[in-house]
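Okay, so here's the structure we're looking at.
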There are 2 protein chains.
Amino acid sequence: MAEAQGLRADARRNRELIVAAARELFLEQGVDVALEEVARRAGVGIGTLYRRFPDRDALLHAVGEQTLTRLAGLAEAAWAEEPDAWHALRRFLRGCAELRLGELSSKLDPHLHQPLRAGDDLRELRQRSIDLLLRMTERAQADGHLRPDIGPGDLALLMTLHVHTPPGLPAGEAVARVTEIVLDGLRAGPGATPLPGTALSGDDLVRHTQSG
Amino acid sequence: MAEAQGLRADARRNRELIVAAARELFLEQGVDVALEEVARRAGVGIGTLYRRFPDRDALLHAVGEQTLTRLAGLAEAAWAEEPDAWHALRRFLRGCAELRLGELSSKLDPHLHQPLRAGDDLRELRQRSIDLLLRMTERAQADGHLRPDIGPGDLALLMTLHVHTPPGLPAGEAVARVTEIVLDGLRAGPGATPLPGTALSGDDLVRHTQSG
DNA sequence: CAATATCTGGAGGAATTTCCTCCACTTGTT
DNA sequence: AACAAGTGGAGGAAATTCCTCCAGATATTG
């Protein structure tokens with residue numbers, strides 16, 4: 001949110017309304033929504049939107065930044081406040097589901113790829129979450145709570161799992177149930193089926209998890 | 001594929017090329033791709049596409065039909081050829097992942113909703129898969145292989161789980177690993193965490209799983 | 001191997017959508 | 001109260017997308 005410094009109070013408020021509206025609409029309709037619609041949903045004029053975000057990319061970037069910031073906060077809170085690594089991991093994955101990280105990243109990622117300006121601040125933001133995820137994984141496996149045949153890359157895939165809830169069902173509950181099933185599948189245990197292929201490493205992860 | 005009867009051989013071939021191209025492009029870029037692009041990918045002229053599919057809906061419908069046909073075939077093969085209900089369920093869910101059912105239905109569903117002409121043949125096609133899924137669920141739970149606190153509706157959510165594989169990773173393998181983790185989470189066992197909320201019923205399922 | 005019914009490609013004009021600037025007016029700040 | 005900062009949305013340019021039409025190519029049949 002560095003860009004929001006030095007703005008007049010009303011301008012800052014509007015900027016946030018725009019980002020929030022963009023996030024919603026990107027989720028609902030994809031990143032190609034007309035920017036005019038974003039402005040309408042945010043309750044501001046189209047001129048205001050263009051002043052703050054010169055082009056679509058700037059808006060995508062802002063949404064990515066907001067989400068990655070939340071993600072990093074989530075990871076940090078989980079690591080700091082939970083009694084052990086496994087519980088931290090649970091909380092983290094549940095939080096990812098709540099953030100709808102999967103839907104968002106599947107929509108944002110492809111568009112952030114090309115114009116990934118080097119030295120992007122998104123990089124650093126992402127790295128904070130990844131570092132913690134690595135730590136949680138190692139530790140939970142060492143503790144014997146997490147099945148040993150997975151890697152952090154696998155967890156990244158699960159972070160961005162996208163539960164397609166048909167309209168009409170209580171989305172939150174559906175997602176929560178699926179998340180718990182997955183968590184049960186992640187637990188170390190005698191009954192665990194060996195996974196095919198090889199564990200996805202942290203490097204795979206770093207190279208690919210783009211936005212959030 | 002009833003619509004394909006009575007076409008000249010080359011026309012039928014082209015029709016299938018178009019549906020295949022549409023399926024690919026819908027997955028890659030969403031259902032809003034320019035129809036001209038579909039024609040290009042299929043290697044036919046735009047006129048040909050319009051002759052066979054008067055509007056976008058017809059094409060969506062055809063893709064849905066193709067996918068649901070495959071899905072029903074998958075369910076039937078699984079039920080008929082596997083030694084027990086649990087193995088049938090495994091095979092079925094793995095097949096769904098392979099079909100990329102989740103991505104497709106999350107893209108197709110919203111557009112099939114409004115113009116869901118009553119008495120649609122998609123309905124019947126869908127029903128066949130659902131019936132078998134119900135049977136598999138009941139039976140696998142009775143056999144003590146599937147955790148008892150889930151319903152067929154939950155399985156439907158898992159059928160359409162969308163693994164967002166970042167470009168560059170071997171998609172097939174990633175999906176396979178996630179699928180196995182989920183299957184482990186579905187197994188009945190002493191360690192299973194109780195799920196929040198209530199099991200999603202078969203009715204929830206029937207009412208909402210639209211296309212494929 | 002004709003003859004003909006069927007099918008094909010893509011040029012191109014109409015219609016729609018989206019973009020984005022510009023400036024008269026409003027609002028926050030000091 | 002004064003001014004810097006911010007606002008909205010009309011509207012023209014540009015880009016997309018749609019979809020028809022027909023001269024020519026291709027399968028099929030006897």
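Chain letters run A, B, ... following the sequence lines, proteins first and then strands; every chain starts at 1.
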Spacing of B:Leu49 atom CG relative to C:dT8 atom C1', expressed in whole Å = 12 Å

request  = Output every pair passing side-chain hydrogen bond (donor to acceptor under 3.5 Å, both in side chains) with a member in residues 129-140 of chain A, not counting sequence neighbours, ordered by first then second residue.
outcome  = A:Gln127-A:Asp131

query = If you look only at pairs with a residue in residues 150-172 of chain A, which of them pass as a ring pair (Phe, Tyr, Trp, His ring centres under 6.0 Å), with sequence neighbours excluded?
reply = A:His162-B:His162

note = Residues passing the salt bridge (Lys or Arg N to Asp or Glu O under 4.0 Å) test with B:Arg41, sequence neighbours excluded, are B:Glu24, B:Glu28

key: Contact list for residues 153-167 of chain A, test salt bridge (Lys or Arg N to Asp or Glu O under 4.0 Å), sequence neighbours left out   = A:Asp154-B:Arg177

query = Which whole-number value in Å describes the distance from B:Arg56 CZ to C:dT16 P?
reply = 16 Å

key: By salt bridge (Lys or Arg N to Asp or Glu O under 4.0 Å) - contacts of B:Glu76 (at least two apart)   = B:Arg128

Check nucleotides 1-3 of chain C against the protein and report each pair of N or O atoms closer than 3.5 Å, with its distance, or say if there are none.
none

Side-chain donor-acceptor pairs under 3.5 Å in residues 89-97 of chain B, sequence neighbours left out?
unit_1: B:Arg90; atom_1: NH2; unit_2: B:Glu180; atom_2: OE1; d: 3.3
unit_1: B:Arg91; atom_1: NH1; unit_2: B:Glu81; atom_2: OE1; d: 3.4
unit_1: B:Arg91; atom_1: NH1; unit_2: B:Glu82; atom_2: OE2; d: 2.8
unit_1: B:Arg91; atom_1: NH2; unit_2: B:Glu81; atom_2: OE1; d: 3.0
unit_1: B:Arg94; atom_1: NE; unit_2: B:Glu180; atom_2: OE2; d: 2.7
unit_1: B:Arg94; atom_1: NH2; unit_2: B:Glu180; atom_2: OE1; d: 3.1
unit_1: B:Arg94; atom_1: NH2; unit_2: B:Glu180; atom_2: OE2; d: 3.3

query = With respect to the phosphate group of C:dC7, does any side-chain polar atom (N or O) of B:Asn14 fall under 4.0 Å of OP1 or OP2?
reply = no

query = Are B:Leu108 and B:Ser105 close enough that some pair of their side-chain heavy atoms sits under 4.5 Å apart?
reply = no

task = Count the heavy atoms belonging to other residues, nucleotides or ligands that lie under 6.0 Å from CD of A:Glu37, then report whether that count exceeds 12.
result = yes

request  = Nearest whole angstrom, please: distance from the P of C:dT27 to the CZ of A:Arg51.
outcome  = 15 Å

remark   = Rounded to 10°, the angle between the first-five-pair and last-five-pair axes of the helix from C:dC1-D:dG30 to C:dT30-D:dA1 is 40°

task = Identify, residue by residue, the members of residues 24-44 of chain A with a heavy atom below 4.0 Å from DNA chain C, and return them in order of residue number, or none.
result = A:Ala34, A:Leu35, A:Glu36

request  = Would you give the length of the straight line joining atom CZ of B:Arg100 to atom CG of B:Leu161, rounded to the nearest 0.5 angstrom?
outcome  = 14.0 Å

key: Value rounded to 0.5 Å, distance of CG in B:Leu17 from CG in B:Leu49   = 11.5 Å

message = Suppose the criterion is side-chain hydrogen bond (donor to acceptor under 3.5 Å, both in side chains): which pairs have a residue in residues 43-53 of chain B, not counting sequence neighbours?
response = none

key: Euclidean distance, A:Arg56 CZ relative to A:Phe26 CZ, rounded to 0.5 Å   = 6.5 Å

inquiry  = Quick check: on DNA chain D, is the nucleotide nearest A:Gly47 upstream (toward 5') of the one nearest B:Tyr50, or the reverse? Name the residue that is more 5'.
reply    = A:Gly47

key: Option passing side chain to side chain contact (heavy atoms under 4.5 Å, CB included) with B:Leu104 (candidates B:Asp109, B:Leu99, B:Thr67)   = B:Thr67

remark   = At a 4.0 Å cut-off to heavy atoms of chain A, the contacted part of DNA chain D spans D:dA4 to D:dA10

inquiry  = Contact between B:Asp184 and A:Arg147 at the side-chain level, heavy atoms closer than 4.5 Å - yes or no?
reply    = yes

query = Taking atom OG1 of B:Thr193 and atom CG of B:Leu195, what is their separation to the nearest 0.5 Å?
reply = 7.5 Å

request  = Give me the residues of residues 6-13 of chain A where at least one heavy atom lies under 4.0 Å from an atom of DNA chain D, by number, or none.
outcome  = A:Leu7, A:Arg8, A:Asp10, A:Ala11

